[in-house]
Amino acid sequence: MKINEPLQMDACITRETFLLLQHKPGHLAMKVLRQMFFGALFSVSATQSWEQNVGIGTNTPDNSALLHLESTTMGFLPPRMTYNQRDAIANPAQGLVVFITEDSTLQFWNGACWLKSFQEDCNSCYFTVNPAAPTDTIDRTLTDSCSAALTITQTNGLPQNIIFNVASMLPPGMTVNVTPNPLNSSGQVTISVHVTPFTPDGLHTIIIQAFCGQYLQTIVYAVYVEPCYLLDVFNSTLNYDVASSLYATYPTAPVNAPVCVHVTVHPGVEITSNTTAQPAFTTGNLPAGSVVGLTNNGNIIGRGGNGGTAYSPSSGATGEGFAGGTAVNLTVNTNIQNNFNIFGGGGGGNAMAFEISWTPPAPANIVTLGIFVGGGGGGGAGNGQGGQAPGSIIGLSYYVNGLNGTGGQFGVGGQGGILNFPIPVNLGPVTISLSPNAVGGNGGGYGYPGTQGYFNLLVSASITINLPFIGTVTIPVVNNVPIPLPVPPPPPGAGGYAIKRNGNTVNIPDNFYTNANLRGQVGN
Amino acid sequence: MKKFLKFLFFLPCLLQAQSFEGIIRLEAVNHTAGEEARIVWHLSAEGQRLDYDIKTAEGQGAYKIYFPKGDPNAYLAVEEKGEKRLHTISPNLMDPSNPATQLFFARETGKRAPLGSFDAREVMIQGTKGYVQCWVAEVPGLTVQDFPQMLQGRGAIHALQAQNISGIPVDLKAFDPEGKVLYSQKILSVEPGKIPDSWVTLPKDFKKSN
């Protein structure tokens, strides 16, 4: 039935008529219906007033309804069309209702725009997400992330921002990013999930809410994270090697394929080294491509560098302070969660002790002073040994050892040796008085280089002359002459690395750290 | 007679004016320092100069000491790498701890002995920090008054003068109280002769360094 003009009469099509129509087969039914329609139209029209309403399936249409449809077996079927067909309706009347077949929405013309039944006004936002529930798996030996690309289409309302919010509580070591966020109206967004060896294995359901005005959609991203090997360090040790510990704990762990290892250093544990040549902690000889997570709740401390001994060509010593040892050495990409202390060893102080050969001016030049004088460098924090005189020194030696650095959480660098008292030297008739003010460099604190010492040496010389019949006369020849250093002062030792990357990645940026829990260089 | 007496009166003055000129050669050993020295002592009316050649366990060296006439100080002259320096030796530099400077009493023992060309007499000189065995001999034309002013009134010279013991110490050994030899000195020869004044005057091109 098509009605395109205002109804000018009341019509009453009873239930019986509908039943009749339903039970009439084929063209017979159509014929009956046509007879009934035109019969009613022309026979009833004269008796109906303009103010009466129409009921279909009811004899008592509601007074408030112009057209009252009543049925328990059929529905009201508005015009069904596509968006294009809807938009082709010229001058739609306010309140005109259509059903869009493309998205199965009932829409009406509000005088300005077509509104879906759930929209408030023309700006009410609505969008679609495809897919709405992506899934992924992360094997951390292959990758530490996954991502899903979603197509967002704003289907209603003026173009506006769609905002994404990660609503679920993420597990440790997992981060989620949505880009771009916000998205302007329609386009593609990427949900990126990054995990670390700290992330528990298993299925993680990531819930992301997408807002547009009052409209909310929930996106569920299910990511399964493959497991890692777990290692625990409960006891203090020297030179901890992750690879060695892994294969000792898990003999069947692959040796040729990458592995994911999570090491936990427990509170109270101290991992150190007896030599700067070896780091306190290393990821060791793990297969290439492996990843390691280190959760540190203890002390990982590199060995302090030894203080310089002396500049002594005869013994091959240069006097340089020695570099502090590395705390954590990486051979694979690693994530570090440092909850306590990672300290590079302190650098050793330089020695300010020299082999000096000096000939006083005439007439005292009958002697040449050969002397070894000065102070050794202090050892760096982390048990660096203070500089001591080389064993091969012979002859006159005036040397003060540098002090050892101390270790442990509160370790400090040792003080350089201090030589600052006068030294008389008698060489036959020549007397030489040395006034040294030599201080070896101090050992550096954790992560710091050793300090530069200083050296001043003043020399006085006199000669004793025998006068006939009288005896000896002592004649000053030079007084407080500064003796130049035979070589430039040797440098102190560098501070040890807190974390030495060796070209691998770590989640702590390269820098020199001096904070409470991380001291020393992080870098290559 | 009057002229003779007048000659006798002025004789000492004439003798005094005619001070010794020539060379004395000595060798000296500082046993404490292990130093041996050969000394050539030039004496002139204008001054005196001692040339030292020394040898020690550490090396050898040479220097000169000038005693300008009328100057209470002596001057040590050294030359090294073109640099010429003079070190002033004032009397207060004398080592007060040396026994040779603390001598106060001399006595002749009566012993005589030929020492080289010298007919020498033994004199023992006692000091507060040791003693000296000294052999003195008369050297023609040479008296202790010919020695530089700095050497007068000190050491063995002073002790001999105090006791009016004549002669020149031609051989001398200084001992500590335990009898250990500290210093010895021997005159090898005395050679009278004219010494050019330029030899004994302070060189002008040397710079004083103290």
Side-chain angles (χ1 to χ4, degrees), chain A residues 314 354-373 393-398 422-435 457-484 486, chain B residues 24 26 28-30 32-35 37 39 41 50 52 54-63 65 74 76-81 83 85 87-89 91 93-95 97-103 134 144 147-148 150-151 154-158 160 168-169 172 174 182-183 185 187 209-210:
Chain A
S314 61
F354 302 89
E355 282 182 353
I356 288 176
S357 176
W358 179 70
T359 302
N365 59 353
I366 55 174
V367 300
T368 294
L369 176 69
I371 194 168
F372 180 69
V373 61
I393 295 294
I394 56 174
L396 296 172
S397 175
Y398 301 95
I423 302 166
V425 180
N426 292 315
L427 297 169
V430 177
T431 298
I432 296 175
S433 177
L434 304 169
S435 298
L457 178 61
L458 301 177
V459 180
S460 299
S462 60
I463 185 169
T464 297
I465 288 175
N466 295 295
L467 292 176
F469 317 122
I470 297 300
T472 57
V473 181
T474 299
I475 302 168
V477 178
V478 287
N479 189 36
N480 285 335
V481 175
I483 300 299
Chain B
I24 302 173
L26 306 94
V29 179
N30 182 339
T32 304
E35 177 196 35
I39 304 169
W41 189 344
L50 278 69
Y52 283 75
I54 61 171
K55 187 168 68 176
T56 71
E58 289 80 16
Q60 298 183 19
Y63 48 85
I65 297 178
L76 174 69
V78 293
E79 185 170 358
E80 183 181 43
K81 298 174 184 174
E83 185 186 0
R85 301 191 310 274
H87 296 271
T88 302
I89 306 172
L93 288 178
M94 303 299 292
D95 182 359
S97 65
N98 191 306
T101 65
Q102 304 293 319
L103 303 173
C134 184
V144 293
F147 295 157
M150 176 179 276
L151 304 187
R154 285 189 173 82
I157 300 295
H158 171 66
L160 294 174
I168 301 295
L172 178 150
L182 302 174
Y183 174 73
Q185 170 199 300
I187 291 178
S209 62
N210 64 337

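This is a predicted model, so every value here is computed, not measured.
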Original post:
Hey, what do you get for CG (A:L467) to CD1 (B:I157), rounding to the nearest 0.5 Å?
Top reply: 11.5 Å
Original post:
What part of A:V477 gets closer than 4.5 Å to chain B, counting heavy atoms only: side chain, backbone, both or neither?
Top reply: both
Original post:
Which of the residues A:N479, A:V478, A:L427 is involved in the greatest number of heavy-atom pairs with chain B at under 4.5 angstrom?
Top reply: A:L427
**OP:** First locate atom CD1 of A:I463, then atom NE2 of B:H87, and finally report the distance between them rounded to the nearest 0.5 Å.
**Re:** 9.5 Å
Original post:
Relative to chain A, which segment of B:L50 carries a heavy atom at a distance below 4.5 Å: side chain, backbone, both, or neither?
Top reply: side chain
Original post:
Any side-chain heavy atom of A:I465 sitting closer than 4.5 Å to one from B:Y63?
Top reply: yes
**OP:** Calculate, to the nearest 0.5 Å, the distance between atoms OG1 and CG belonging to A:T464 and B:N30 respectively.
**Re:** 7.0 Å
Subject >> Nearest non-hydrogen partners of B:A33 and A:P429, listed with the distance >> reply: CB-N, 3.6 Å
Subject >> Between A:N365 and B:E80: side-chain donor-acceptor atoms closer than 3.5 Å >> reply: yes
Original post:
Heavy atoms, side chains only, cut-off 4.5 Å: are B:R85 and A:P361 in contact?
Top reply: yes
Subject >> B:L182 side, atom CG; A:N466 side, atom CG - distance, nearest 0.5 Å >> reply: 10.5 Å
Subject >> Parallel, tilted or perpendicular: rings of A:F469 and B:W41 (30°, 60°) >> reply: tilted
**OP:** Measure distances from B:E35 to the heavy atoms of chain A and classify the residue's part below 4.5 Å as side chain, backbone, both or neither.
**Re:** side chain
Subject >> Segment of B:L160 engaging chain A (4.5 angstrom heavy-atom cut-off) >> reply: neither
**OP:** State, with a plain yes or no, whether a side-chain heavy atom of A:P468 is found less than 4.5 Å away from one of B:L26.
**Re:** yes
